[in-house]
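First the structure, in the form of structure tokens, and then the observations on it.
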Amino acid sequence: MAVPKRKMSRSNTRSRRANWKATAVSTVACPQCKSPKLPHAACHVCGTYNGRQVIEV
């Protein structure tokens with residue numbers, strides 16, 4: 001198991017942690033109803049996926 005030889009300073013620790021950013025969820029417009037939806041998923045408003053009805057809404 002890897003163990004650090006020296007204590008890491010506060011500035012190095014904080015600059016390393018600063019790169020852990022939350023990213024916004026990417027959405028695409030539904031081709032049927034134009035509402036935002038997750039890519040590669042069925043639309044929760046109209047229930048279509050890939051041009052066909054897959055969920056009864």
Side-chain angles (χ1 to χ4, degrees):
M1 184 168 146
V3 179
K5 193 170 272 284
R6 300 270 183 210
K7 181 178 180 179
M8 187 175 276
S9 67
R10 276 190 195 160
S11 64
N12 283 348
T13 301
R14 290 173 181 168
S15 67
R16 187 189 69 243
R17 288 179 182 161
N19 292 320
W20 281 71
K21 297 180 185 77
T23 58
V25 176
S26 62
T27 58
V28 294
C30 175
Q32 300 289 331
C33 64
K34 306 296 187 245
S35 66
K37 71 174 192 74
L38 292 173
H40 306 286
C43 180
H44 64 277
V45 176
C46 62
T48 59
Y49 180 73
N50 204 14
R52 61 194 169 127
Q53 192 74 25
V54 293
I55 301 171
E56 290 295 323
V57 179

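- Within a 6.0 Å sphere centred on CZ of R16, heavy atoms belonging to other residues, nucleotides or ligands number more than 12.
- The side-chain contact (heavy atoms from CB on, under 4.5 Å) search around N12 returns M8, S9, not counting sequence neighbours.
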Return all side-chain donor-acceptor pairs below 3.5 angstrom for residues 21-44, not counting sequence neighbours, or 'none' if the list is empty.
from	atom 1	to	atom 2	distance (Å)
K21	NZ	A18	O	3.3
K34	NZ	P31	O	3.0
K37	NZ	A41	O	3.0

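- Summarising the geometry of T48 relative to V54, their closest heavy-atom pair is C-CG2, 4.2 Å, with the distance given to 0.1 Å.
- Residues satisfying the side-chain contact (heavy atoms from CB on, under 4.5 Å) criterion with V57, sequence neighbours excluded, are I55.
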